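First the proteins, then the strands, lettered A, B, ... as listed; each starts at 1. Just so you know, these numbers come straight off a predicted model, no measurement behind them.
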Protein chains: 2
Amino acid sequence: MNKKQLQSEQTRKRIAEAARHLFVQKGYKATSIEDITAATGSSKGNIYYHFKSKEGLFLYLLDEWDRDWFDKWRDKQHLYGSAAEKMHGFAELLVIEDLNHPLTQAADEFFGGEIESDIMEKLSVMTADHLRFNQDLIQSGMDSGEFKAGDSAKLALVLEGLVIGLSRLSRRSNSNIDEALGTYRLAVDVLLNGLAKAPHT
Amino acid sequence: MNKKQLQSEQTRKRIAEAARHLFVQKGYKATSIEDITAATGSSKGNIYYHFKSKEGLFLYLLDEWDRDWFDKWRDKQHLYGSAAEKMHGFAELLVIEDLNHPLTQAADEFFGGEIESDIMEKLSVMTADHLRFNQDLIQSGMDSGEFKAGDSAKLALVLEGLVIGLSRLSRRSNSNIDEALGTYRLAVDVLLNGLAKAPHT
DNA sequence: TAAGATACTGAACGAAAGTTCAGTAAACGG
DNA sequence: CCGTTTACTGAACTTTCGTTCAGTATCTTA
């Protein structure tokens, strides 16, 4: 790879990085191309040289994020023994990797906008992937006898809800990583052990 | 109140109602004034006759929603004996009243947009109110001995996260009320009793 | 080193959306 | 019953934003 290609890739990365932060912070619609140029120093035209459109740029980010996150999980997964440890590891990775599912809010916003779009498809796939991931996590705890038996599919929904919500809260109150880690850890503890002293239906 | 004032108020309500649905469904930016005119039959000018601006309309809706929800909670509150029942009642009211905190997503979206706005203030107040509400709920359970002792402030954050996340999930998968109720009920059960068979740190 | 490819600029365009306003019709009040 | 206020219309404006494109500079390669 020669000098030109290298620099080109660097600017593409720089644009993507800046765009990601802006989309996470402000949402899809509220982030303008000009915001991105301001954050990168690049020109409008240059963004359209590297990406087909605003939508294309967003699509690229969705792909990148999902891929990266899952890779990192694979690397860490073997460290955890019990299902409870896995759960905590899961939460920790969510926080460390960019304060959680950072694009989902922007993605949801997009989702609401148009009926016809690649993004709709991609989002459905992503959500399905997350739910399956959560379900596997929970099911493995049940199989090992560590968790109570139950409907792992529905519990996956609850877990996904908790993760999405905590993500939003952490981002909004722009808390630091340590605070966020503490909150997530507490959330997982509650998820495992509950609030109540004695079992209650 | 004469005929004219009555009809005026009705149209203002009609506009507010339509706008609320659209904001919830599509987000703040994505719903245009023209969308609202299409949904109401009113003209653009008429919306600006009843509301100062798009932002003002949104502000009005935030106020209205928070006020209404809390009133309904006050009406129901006395029905619940234990803290666990309160918790379930809380979840149920969230689902029934318009599939949860319906404007928060749009509000967050707005929040990201401008630094300088009434909405920022209003949102902070709202979030603080919710956290206090949650904390009271949890603290009362601790005081009565029904819940384990713990940091009710931090647990309030976890509860808020769960509620926000579930709200988003329910809205996205446009599930019906019964499904949503089931998911919320399960979530509260997990919150109370946990997933794990035996206590685990 | 010269020709061509690549990376990038920024002004201009068109569509979309928020806002305004002169005008109209209906209701109110004296 | 007539002047005035109120509720409302819709075309016009202003701004914003995504997108395009002709032009420029830099690097590659032969």
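Here A/Tyr48 pairs with nothing under the ring-ring contact (aromatic ring centres under 6.0 Å, His included) rule; sequence neighbours left out. Every residue meeting the side-chain contact (heavy atoms from CB on, under 4.5 Å) condition with A/Leu157, not counting sequence neighbours, appears here in chain and number order: A/Leu131, B/Leu169, B/Thr183. When the side-chain contact (heavy atoms from CB on, under 4.5 Å) test is applied to A/Ala153, the partners found at least two apart in sequence or on another chain are A/Gln135, A/Asp151. Contacts of A/Lys54 classified as side-chain contact (heavy atoms from CB on, under 4.5 Å), with partners at least two apart in sequence or in another chain: A/Phe23, A/Tyr28, A/Ile33. For A/Asp63, the side-chain contact (heavy atoms from CB on, under 4.5 Å) partners at least two apart in sequence or on another chain are A/Arg67, A/Lys122.
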Under 4.0 Å protein heavy-atom contact, by nucleotide of nucleotides 23-28 of chain D - B base, S sugar-phosphate only: ---BBS
A correct 5'-to-3' footprint of nucleotides 9-19 of chain D, with B, S and - meaning base, sugar-phosphate only and no protein heavy atom under 4.0 Å, is BB-------BB
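A salt bridge (charged side-chain N to carboxylate O under 4.0 Å, His left out) check over residues 73-83 of chain B, counting only residues at least two apart or in different chains, returns nothing. Residue pairs satisfying the salt bridge (charged side-chain N to carboxylate O under 4.0 Å, His left out) criterion with at least one member in residues 32-45 of chain B, sequence neighbours excluded, are listed as follows: B/Lys26-B/Asp35, B/Glu34-B/Lys44.
Between the CG atom of A/Leu6 and the C1' atom of C/dT6 there is a distance of 14 Å, given to the nearest Å. B/Gln10 has its CD atom 15 Å from the C1' atom of D/dC8, to the nearest Å.
Under a 4.0 Å N-O distance rule, the pair B/Glu17/B/Lys13 does not qualify as a salt bridge.
For the OP1/OP2 pair of C/dC8 and a distance below 4.0 Å, the side-chain nitrogens and oxygens of A/Thr11 include at least one atom meeting the criterion.
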